[in-house]
Trainee: 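Can you keep this structure in mind? I'll have questions shortly.
Per chain, numbering begins at 1; letters A, B, ... match sequence-line order.
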There are 2 protein chains.
Amino acid sequence: MRVAGDDCHRDWLEHTDAVLRGAGLRTTAGRSAVVEHLARQRCLVTAQEIVDALRGDEHASASTATVYRALETLHEFGLVRRFDAGEGVARYEPVDPSGDHHHHIVFDDGAVEAFSDRELESAFEGLGERLGVDLTGHDVILRARRPE
Amino acid sequence: MRVAGDDCHRDWLEHTDAVLRGAGLRTTAGRSAVVEHLARQRCLVTAQEIVDALRGDEHASASTATVYRALETLHEFGLVRRFDAGEGVARYEPVDPSGDHHHHIVFDDGAVEAFSDRELESAFEGLGERLGVDLTGHDVILRARRPE
DNA sequence: GTTATTGCAAACAATTTGCATATAA
DNA sequence: TTATATGCAAATTGTTTGCAATAAC
């Protein structure tokens, strides 16, 4: 039985490795640790969370500077998405190489969850044409009240 | 002849005044200057831009701290939207009291433009129900390539 | 051997906060 | 008169950068 999430993450890891290597970048301990941590991640992570997680890992670690530099590199290559819910911290997540993507719900208590909706997705088809611009992507942020 | 934009801004100004006053807040020079500047604004503004604009205005001014505090207050009351395109600066804009709203396109050169699209908007109807959450709002951020 | 990558610590930029003063109600 | 708002400057926070040391290729 295939576990979708796991495969997606393995795919991302392989894809990321290939892209970075293909660009002539070296496979180094720090960046690899960041990439592997992201691959393990389902949700949005902050740079600080990666630093902390790696500090607690005896097999890998990376300084704050390295984490930020790795994230910047990954972002340049379109391998991670940067997401900013407006709390002053940037959050990152792997970009699924298969093209699948999801969006986010920010709850009033600050929690962030992922969601996807085919119907909403299809509303973006043809939008670029209607607006007369060359769309390269889209993000949706829903705000929701936490049910009490 | 009615000029839509102007009316909308006047409406927002009056609405904002009423809400703040209704909450027992005082009508003070600093906050009023910020509110009036926002009302005059069509596009997304940063806190710093407001400070600078007011510094050049002989009739009004507000310190950095006051501008941030005013924006925070307005945001709490849902009178402004905070928008973060991921460049590390928060941008604010009035929330139209009539319920009308628009979204944003971030171009690869960093420019941000507003847009609205009825078709896209209608895709959000029923979304909360489909997802089983109580939606209070939504933001859409399009990414686009600047035509060369 | 070269050149990219790292860690550290210092530098930065946006935003927040403490506190004494000013002012709207 | 009294509590809210302000300005200033210092403090915080998230992120970036210079540079010498290190490690990939």
Trainee: Grab the CG-P distance between B/Leu71 and C/dT16 for me, whole Å please.
Mentor: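 Checked: the CG to P distance equals 9 Å.
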Trainee: In terms of side-chain heavy atoms of B/Val89, which of C/dT15, C/dG7, C/dT17 is nearest?
Mentor: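 When the side chain of B/Val89 is considered, C/dT15 is the closest of C/dT15, C/dG7, C/dT17.
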Trainee: Tabulated below should be each protein N or O lying under 3.5 Å from an N or O of nucleotides 19-24 of chain C; please produce it.
Mentor:
residue: C/dA24; atom: N3; partner: B/Arg26; partner atom: NH1; Å: 2.9

Trainee: For the side-chain hydrogen bond (donor to acceptor under 3.5 Å, both in side chains) test, which of B/Gln41, B/His102, B/Arg82 pairs with B/Glu93?
Mentor: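 Of the listed residues B/Gln41, B/His102, B/Arg82, the side-chain hydrogen bond (donor to acceptor under 3.5 Å, both in side chains) partner of B/Glu93 is B/His102.
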Trainee: Does atom CZ (A/Arg145) have a neighbourhood of more than 12 heavy atoms from anything else shown, all under 6.0 Å?
Mentor: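 12 or below, so no.
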Trainee: Within this structure, what is the CD-to-P distance between B/Glu72 and C/dT15, rounded to whole angstrom?
Mentor: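 The distance from CD of B/Glu72 to P of C/dT15 comes to 12 Å, rounded to the nearest Å.
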Trainee: Identify, with sequence neighbours excluded, every residue that meets salt bridge (charged side-chain N to carboxylate O under 4.0 Å, His left out) alongside B/Arg143.
Mentor: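 Salt bridge (charged side-chain N to carboxylate O under 4.0 Å, His left out) list for B/Arg143, sorted by chain: A/Asp139.
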Trainee: Atom CG of A/Asp17 to atom C1' of D/dC25: distance rounded to whole Å?
Mentor: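 Checked: the CG to C1' distance equals 16 Å.
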Trainee: Between D/dT15, C/dT15, D/dG7, which one does the side chain of A/Ala90 approach most closely?
Mentor: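 In terms of side-chain proximity for A/Ala90, the closest of D/dT15, C/dT15, D/dG7 is D/dT15.
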Trainee: Could you tell me how far apart A/Glu49 (CD) and D/dG14 (P) are, to the nearest whole angstrom?
Mentor: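 So the CD-P distance, A/Glu49 to D/dG14, works out to 11 Å.
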Trainee: Without decimals, in angstroms, what is the distance between A/Phe83 CZ and D/dG14 C1'?
Mentor: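 These atoms are roughly 17 Å apart.
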Trainee: What verdict does the ring pair (Phe, Tyr, Trp, His ring centres under 6.0 Å) test give for A/His104 and A/Phe83, after you've listed the backbone C-alpha separation in whole Å, the side-chain angles of each residue and the deciding distance to 0.1 Å?
Mentor: CA-CA 9 Å; A/His104 300 99; A/Phe83 174 83; 4.6 Å; yes
Trainee: Of the listed nucleotides (D/dT15, C/dT15, C/dG7), which one gets closest to any side-chain atom of A/Thr64?
Mentor: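 Of all the options, the side chain of A/Thr64 is nearest to D/dT15.
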Trainee: Counting only side-chain N and O atoms of A/Thr66, is one of them less than 4.0 Å from OP1 or OP2 of C/dG7?
Mentor: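 For A/Thr66, the contact criterion (side-chain N or O under 4.0 Å from OP1 or OP2 of C/dG7) is met.
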Trainee: Grab the OH-P distance between B/Tyr68 and C/dA14 for me, whole Å please.
Mentor: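 Whole-Å distance recorded here is 7 Å.
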Trainee: Ignoring hydrogens and angles, write down the donor-acceptor pairs under 3.5 Å from the side chains of residues 57-68 of chain B, residues two or more places apart or on other chains.
Mentor:
residue: B/Asp57; atom: OD1; partner: B/His59; partner atom: N; Å: 2.7
residue: B/Ser63; atom: OG; partner: B/Thr66; partner atom: N; Å: 3.2
residue: B/Ser63; atom: OG; partner: B/Thr66; partner atom: OG1; Å: 3.1

Trainee: Whether A/Arg146 engages the ring of A/Phe107 as a cation-pi pair (distance to the six-membered ring centre under 6.0 angstrom, angle to the ring normal within 45°) should be assessed.
Mentor: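 Yes, a cation-pi geometry.
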Trainee: Evaluate whether atom CD of B/Glu76 has more than 12 neighbouring non-hydrogen atoms of other residues, nucleotides or ligands under 6.0 angstrom away.
Mentor: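 Result for CD/B/Glu76: enclosed.
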Trainee: For B/Val67 and B/Gly24, find the nucleotide of DNA chain D closest to each by heavy atoms; which residue's nucleotide sits nearer the 5' end?
Mentor: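 Result of the comparison: B/Gly24.
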Trainee: Round to a whole Å and report the spacing from CZ of A/Arg55 to P of C/dC8.
Mentor: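 After rounding, the gap between these two atoms is 9 Å.
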Trainee: Figure out the CD/C1' separation between A/Gln48 and D/dT16, and round it to whole Å.
Mentor: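 About 14 Å, once rounded to whole Å.
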